[in-house]
2 protein chains.
Amino acid sequence: MEKDHVDRILAQWRTERPDLDVEPMGLLGRLARLATYLGREVEKTFLELGLTSASFDVLAALRRSGAPYRLSPGDLLATMMITSGTMTNRVDQLEKAGLVARLTNPEDRRSVLIALKPEGFDLVERAVTAHVANQHRLTAFLDLDERAALDAILRKYLLAFE
Amino acid sequence: MEKDHVDRILAQWRTERPDLDVEPMGLLGRLARLATYLGREVEKTFLELGLTSASFDVLAALRRSGAPYRLSPGDLLATMMITSGTMTNRVDQLEKAGLVARLTNPEDRRSVLIALKPEGFDLVERAVTAHVANQHRLTAFLDLDERAALDAILRKYLLAFE
DNA sequence: TTGAAGTATCTCGATTTCAAGATAATATCA
DNA sequence: TGATATTATCTTGAAATCGAGATACTTCAA
């Protein structure tokens, strides 16, 4: 088995701290590093369209919610692992860019509806097409059976947290 | 198979954009979410010791490098996925906290040696012990064979990027 | 009806990170 | 030797995020 960056870290710990069983550090370290690499690759695709992963996430949540492409900040928050202050900032940016609009919610005036504007719709249509193509490229490093096995294990693991 | 958060996203896309094959989004979405959850759990352990993952990473790299526990910023950078400006900031914080010291490198005056002080050594000893125990807890959500399979696939996947 | 509790969003200040470029020292080689 | 390229670190300004708390509206119950 070819040694990777994480193997070298584990070997150092085993020399310096032989009292510790550092096995789990291998799995968790690889997961973290891989997520970072993949995240950067994903980001590149959005950058070409003038978006970021953060802004895409918001536009995508609106788009896939279906017509009339309107959700409250709270609805949007529920699908993302960010705070309400971060969502306010993201919507501010998208509003400034003319991609979404804040509408008053007639049914609850504490609330607000974030509406995808036609410009935002068109952009996210192109972005998601490019993004999915990029995701195909990024998962092609694994064979079909490896992807299936990985996905099944990740699903189980994720269930421990959600 | 129990439905998770990512399944709901995929179902929405399949309705709204049936032209797209969104399979890879499941795997990549789960990986990203899981990495975020795990990262937050890891962070908690460090917080109890007055550290962050960021500061621990630097102290840990120095500790596991072995005596005399000195590395240049460049050496440290090589093991972490951050920029040089970020490293300068991290070392500044650790220096201010009295955990490391910047020494001039007699062999190359462009360079600097970051030295682990006794206070930093003691702290990182306690931190890595707690961190590894926490990592055992966090990997125990999977069975032994699942951990082995996951680690093997992650290793292969990571090799595509390093 | 009214006061208290709950909910939805936004504000504020601090922190972390990055990209680009500045600074200073060393290496290369004509 | 001297000019140029390379290397190592730091500086700067901008951006994203967070936690805590403020604000405004709604719900509930007496």
Side-chain angles (χ1 to χ4, degrees), chain A residues 32-33 35-37 39-44 46-48 50-59 61-62 70-97 100-115, chain B residues 32-33 35-37 39-44 46-48 50-59 61-62 70-97 100-115:
Chain A
R33 286 183 79 87
T36 302
Y37 282 119
R40 288 178 183 176
E41 288 298 317
V42 165
E43 194 79 37
K44 286 181 195 168
F46 295 133
L47 234 46
E48 289 170 12
L51 289 171
T52 62
S53 292
S55 57
F56 173 80
D57 282 351
V58 175
L59 296 178
L62 291 168
R70 294 177 184 182
L71 293 172
S72 70
D75 295 335
L76 289 167
L77 264 184
T79 76
M80 295 167 214
M81 304 178 70
I82 59 172
T83 64
S84 63
T86 300
M87 181 58 74
T88 297
N89 183 52
R90 288 190 184 181
V91 173
D92 285 348
Q93 304 306 315
L94 291 170
E95 198 176 27
K96 203 174 300 176
V100 306
R102 276 189 173 90
L103 310 180
T104 61
N105 183 345
E107 294 175 4
D108 184 343
R109 285 192 303 171
R110 288 172 302 185
S111 183
V112 152
L113 287 177
I114 313 303
Chain B
R33 286 183 79 87
T36 302
Y37 282 118
R40 288 179 183 176
E41 289 297 317
V42 165
E43 194 80 36
K44 286 181 194 168
F46 295 133
L47 234 46
E48 291 172 8
L51 289 171
T52 62
S53 291
S55 56
F56 173 80
D57 282 351
V58 176
L59 296 178
L62 291 169
R70 294 177 183 182
L71 292 172
S72 70
D75 294 334
L76 289 167
L77 263 183
T79 76
M80 295 168 215
M81 303 178 70
I82 58 171
T83 64
S84 64
T86 299
M87 181 59 74
T88 297
N89 182 52
R90 288 189 184 182
V91 173
D92 285 347
Q93 305 306 315
L94 291 170
E95 199 176 27
K96 201 173 302 177
V100 306
R102 276 189 174 89
L103 310 179
T104 60
N105 182 346
E107 294 176 3
D108 185 341
R109 287 191 302 171
R110 286 171 303 185
S111 183
V112 153
L113 287 177
I114 312 302

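Just so it is clear, the structure is predicted and the values come from calculations on it, not from any experiment. The sequence lines fix the lettering, A, B, ..., with proteins before strands; numbering per chain opens at 1.
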List, with names and distances, any nitrogen or oxygen atoms from the protein found under 3.5 Å away from nitrogen or oxygen atoms belonging to nucleotides 9-13 of chain C.
| unit_1 | atom_1 | unit_2 | atom_2 | d |
| --- | --- | --- | --- | --- |
| C/dT9 | OP1 | A/Pro73 | N | 3.4 |
| C/dT9 | OP1 | A/Ser111 | OG | 3.0 |
| C/dT9 | OP2 | A/Gly74 | N | 2.6 |
| C/dC10 | OP1 | A/Arg102 | NE | 2.8 |
| C/dC10 | OP2 | A/Thr88 | OG1 | 3.4 |
| C/dC10 | N4 | A/Ser84 | OG | 2.6 |

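Residues satisfying the side-chain contact (heavy atoms from CB on, under 4.5 Å) criterion with B/Ala115, sequence neighbours excluded, are B/Arg70, B/Leu103. Residues that satisfy the side-chain contact (heavy atoms from CB on, under 4.5 Å) test with B/Ala78, not counting sequence neighbours, are absent from this structure. For B/Asn89, the side-chain contact (heavy atoms from CB on, under 4.5 Å) partners two or more places apart in sequence, or in a different chain, are B/Gln93. By the side-chain contact (heavy atoms from CB on, under 4.5 Å) test, B/Thr36 is found to be paired with A/Met81, B/Arg40, residues two or more places apart in sequence or in another chain being considered.
Atom C1' of nucleotide D/dG19 and atom CG of B/Leu47 are separated by 12 Å, given to the nearest angstrom. Rounded to whole Å, atom P of D/dA15 lies 20 Å from atom CZ of A/Phe46. We find that CG of A/Asn105 is positioned 13 Å from C1' of C/dT7, with the value rounded to whole Å. With rounding to whole Å, B/Leu71 atom CG is found 11 Å from D/dT9 atom P. The CE-C1' distance, from A/Met80 to D/dA16, rounds to 15 Å in whole Å. Rounded to an integer number of Å, the gap from A/Leu76 CG to C/dA8 P is 13 Å. The distance from atom CZ of B/Arg109 to atom P of C/dA27 is 12 Å, rounded to the nearest whole Å. At whole-Å resolution of the value, CG in B/Leu103 and P in D/dA8 are 18 Å apart.
B/Met81 comes within 4.0 angstrom of the backbone, heavy atoms only, and of no base.
Residue order along DNA chain D, read from the 5' end via each residue's closest nucleotide, puts A/Ile82 first among A/Glu107 and A/Ile82. Take the nearest nucleotide of DNA chain D for A/Gln93 and for A/Pro106: the residue whose nucleotide is more 5' is A/Gln93.
The side chain of B/Arg90 places an N or O atom within less than 4.0 Å of a non-bridging phosphate oxygen (OP1 or OP2) of C/dT17.
Taken to the nearest 0.5 Å, the CG atom of A/Leu77 stands 7.5 Å off from the OG1 atom of A/Thr83.
For the residue pair A/Ala61 and A/Leu71, the shortest heavy atom distance occurs at O-CD1, 3.6 Å.
For residues 83-93 of chain A, every residue pair satisfying the salt bridge (Lys or Arg N to Asp or Glu O under 4.0 Å) rule, not counting sequence neighbours, is listed here: A/Asp92-A/Arg102.
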